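Single-structure report; data block below.
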Amino acid sequence: MSLLADGVTILCVLAGLVFFAAGTVGLLRFPDTASRLHALTKADHLGLGLVVLGLLPQMDSLAGILRLLAFWALVLLASAATGPMIARLLRRQGGIT
Amino acid sequence: MTGTIFGLVGAALIGIGLFGMLVRRDALLRILSFNLLGGGVFLVFGAVARRGAGAGFGGDPVPQAIILTGIVVAFAATTLAVALVLRLAAAKDRA
Amino acid sequence: MIPALAADGLLAAGILALALGCVATRRAFASAALFIAYGLLLALAWARLDAPDVALTEASIGAGLSGVLLLGGVRRLEGLAEPSPDAETGPLLTILIGIGCAALTVAIGAAVLLLPDPTPSLAPQVAANLATTDLGNPVTAVLMSFRALDTLLESAVVLLAVVCVWALTPEGGWGGVAGLRQPVVRDGPLALLARVLPPLGIVIAIHILWVGADAPGGKFQAAAVLAAMWLMPWMAGLAPAPRIDARWLRLVLAAGPALFILIGLGGALAEGAFLAYPPGWAKPLILAIEIVLTASIAVALALLVMGPPEPPR
Amino acid sequence: MAWDMLPMLAVMLPVLAMVAAVPLGARGAERLTLAYAPVGLALAIGIMLVVQLGGVPIRQELGHWAPPLGIAFRADGLAAAMLLTAALIIGAIAIFARADFGTAAGAAERRQAFAFWPLLLGLWAAINLAVVANDLFTLYVALELLTFAAMPLVCLDGSRATLQAALRYLMFALLGSVLYLLGVALIYGSAGTLDIVLLAQRVRGDIPVMIAIAVMTAGLLAKTALLPLHLWLPPAHAGAPAAASAVLSALVVKGSFVLVLRLWFGVMARVPMPDAAQILAGLGAAAILLGSVAALGQARLKLLVAYSTVAQIGYLFLMFPLLAASAGEVAAKAWTGGVVQAVSHAFAKAAMFLAAGIMAARFGHDRIADLSGAGRAMPVTLLTFALAGLSLMGVPPSGGFAAKWLLLSAAIGAGQWWWALVILGGGLLTGGYVYRVLAMGLRAGDPAPEPAPVAWQRDGIALALALVSVVLGFLPLAAFGLVQIGRLDVSP
């Protein structure tokens, strides 16, 4: 049982890290701010989601699971709000056409 | 080891912060530099706390509590400085 | 060992790079943005130093509230007349100051390396006396019992800071609402955050306060989160700032430090020493102080970020 | 048995009053301050009597936690003297300030009135804490409390010039306290305690401690405004309202000075630093001479008084090499001389700033060249200025004379005659700038165009403070034995 849980954790977290790495590469390599923003938020959402998913089997209490999920939800909410804010700022400054 | 590394980072931050405070002319950047300097001092204290780990604690709780108090006091000082800078700028504006 | 060292090294390099960026950048806005990132990395450093209480404080106050304050300050300064460009420091003086600061860094670095090994520590004494406080978190025990005086005085310092900020009210602004009036934002991301986050944030703050007795957390971190949950709808124009002459506001500000002092004086009467808690009463009294103090500090932190009232246009 | 509560009460009651002042509002805060002032004075007198009669410092371990884990208050003779000085001066200032910051019944609250009273109470608490706290970090909190209470007093009138002065002061003060905190970290890392009494036994002169003492001293000197770190002081102290200038010059700079004493002759009691002490006194001598010369050249009265503070702070640092190089009788003289200088300067300078403020209010300006006729229009005010000036010069039998004479004879006793020359030269220069003001005031001339009435209480308070600074010199030398009690640099 615990072997299975560990396997799930390792797989999910590794997959999550791949997404994080992809997002970071996108941030560094994409030409304009809009697509950088896109790469960052999308990849990070998936990456973080997978890391959280992978850690869930390691939690030994309901409170821990709830905390992890709340953590994920808060990060989602924060980036869902800041992404459009930056985009809006860019539009106002004429960065996105 | 971790303690020593961040203690040295703290020492570097103290130099960087003091440099910013003395060289930069923009008041807000000076305040920011003061915060870097403060962060460096707290890290040096944190290094002391880490090296004092023992009795089942990951660090000496006494300096940790002192750092916590210090961060709050430094924040209060920052708000005061920012309010003063803004007030001064507004006074210049009117004059 | 090696991975840990690599992680510390990366973190250290990141902190230093951001700090240098803060000082070297020409634009104040970029500096403030870098400072927030620096604060978050610093919080990670505190986690690496096994100081989770400090990490929480650094993230919430050092990076969060300070960041809001500095960014807001930059924006308002841009709105005011162009700051008179004072002469930049001359190159020779800059080099001299640089040499001096480098020398200071070397001296402090040497002092850190030359500290006695093993470093003297009060950890064993804290561990030995922790049981008498009925608290599980040693940092909370230091803050609320062994060195409670510092915490008490610090809450008075925060209150005094509010008085100081209010004392900077421009002519004609006295008695108004704290800070600039914020335009109402009805929709968009800020309005969404301002509506969705506070209920969640308040629950989290209460959680942080409650676990603080036995686990990392406590009043300062909880108060910072609560303050942020007030500032968010304030910035969106959804929650008005209070009038600074409101009686309730001033009572809430004073309640925490006043209760702390009165309980301390009670200890002087009952136990013969200021801030001595009667046997068996330590934990309930500490919890009572922490709850009231959280409210006072949260209000004070929010007011400090909002700033002094502005005269009506 | 309950005597050990007194220092704690002297700190916590003003803190409590400051906290209560916020919800009470300007009028309530004013009345609370005036009601508390006699209580604070009684506490200070009580502490002085207990220390003097008992011959040992008063100690209390807070929460029964003994250092190094806990924090102790320790009121020695130096603390008792400073507590009494603070109580007398702040009480006098509170009465003096009613005309400026009072609120009539039913009147709307004003910004300056709301701010002044809690700031004054906070300042009182901070000074008291700075002299009785025995823990290096508690002292840091005291320093910050002092800065926060003093900064807004500088710019209470809200003009651009005072805001600028306040910002400069704040930057110096914050830099000073963060450097101090850095030293606290290194000392804790070296010795495992922050309690000064324990440190005095444990500290050896190893490198981290020496670096710590160096950065802490530098930070504290910035706060004490010892030359060359004095640049913030004249605009800040001259721009504040008279009542605020008086407390700033009389007390606030003394708070950080007491901390320097605690470091050098408390923490480092067993590690003499004679060479460094010579440097400190050298800076002090430079401050005496350059500060006095600058005062001579000022065109405005309040700036002259502020530069006089820069010079008088210099005297405080002459005691360091004398203490470091000698023991017994000579060291005791130097110590007493330094402390009496701090106390007598506090009274004289408070009186001088109040007198300058009264004159400025009466004339509508403080240009020295246009003060002719002051002697006829306001003889008491000018007399106050003269008496305070005598004490600053060190003319017998004033308190300033006692201080300077003690320092002088200690300098000769320690074989460091060059400091004696500085003391004498400083006295002459002081005489010069005091004479300049008096000569102008006594010249026949046209008093202020519209005679604004000066409340006699205000004149009376300033005069009383000046008289105290003079009368200090009449005290028998034995009374100064108080300040020797609890010195940590004297082997028990």
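Please read all numbers here as calculations on a predicted model, not as lab measurements. The analysis underlying the following values was restricted to heavy atoms, covering all of them including side chains, and did not include hydrogens, waters or symmetry mates. Proteins come first, then strands; the chains are lettered A, B, ... in the order of their sequence lines, and each starts at number 1.
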[X] versus chain B, the contacting section by heavy-atom distance below 4.5 Å:
| X | answer |
| --- | --- |
| D:Leu179 | neither |
| D:Met171 | both |
| D:Glu144 | side chain |
| D:Leu170 | side chain |

When B:Val41, B:Thr69, B:Val62 are compared by non-hydrogen pairs under 4.5 Å with chain D, the top option
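Ranked by heavy-atom pairs under 4.5 Å with chain D, first place is B:Val41.
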Among the options B:Ile67, B:Val85, B:Asp60, pick out the one with the most heavy-atom pairs lying under 4.5 Å from chain D.
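Looking at each of B:Ile67, B:Val85, B:Asp60 in turn, B:Asp60 comes out on top.
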Test B:Ile66 against D:Tyr188 for side chain to side chain contact (heavy atoms under 4.5 Å, CB included), laying out the working first.
CA-CA 11 Å; B:Ile66 287 175; D:Tyr188 184 87; 5.6 Å; no
Tell me, do D:Asn134 and D:Phe73 make a side-chain contact under 4.5 Å, heavy atoms counted?
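Heavy-atom side-chain distance check fails, nothing below 4.5 Å.
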Heavy atoms, side chains only, cut-off 4.5 Å: are B:Arg51 and B:Thr4 in contact?
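SC-SC contact between B:Arg51 and B:Thr4 confirmed.
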Quick one: do D:Tyr169 and D:Phe172 satisfy ring-ring contact (aromatic ring centres under 6.0 Å, His included)? Show the steps, please.
CA-CA 5 Å; D:Tyr169 170 46; D:Phe172 266 94; 8.8 Å; no
Under 3.5 Å, side chain of D:Glu109 to main-chain N/O of D:Ala26, donor-acceptor pair present?
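Checked: pair present.
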Side chain to side chain contact (heavy atoms under 4.5 Å, CB included) between D:Leu143 and D:Lys223, intermediate numbers included
CA-CA 9 Å; D:Leu143 280 178; D:Lys223 282 180 169 264; 3.9 Å; yes
Is chain D contacted by the side chain of B:Ala76, its backbone, both, or neither, given a heavy-atom distance below 4.5 Å?
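Both the backbone and the side chain of B:Ala76 come within 4.5 Å of chain D.
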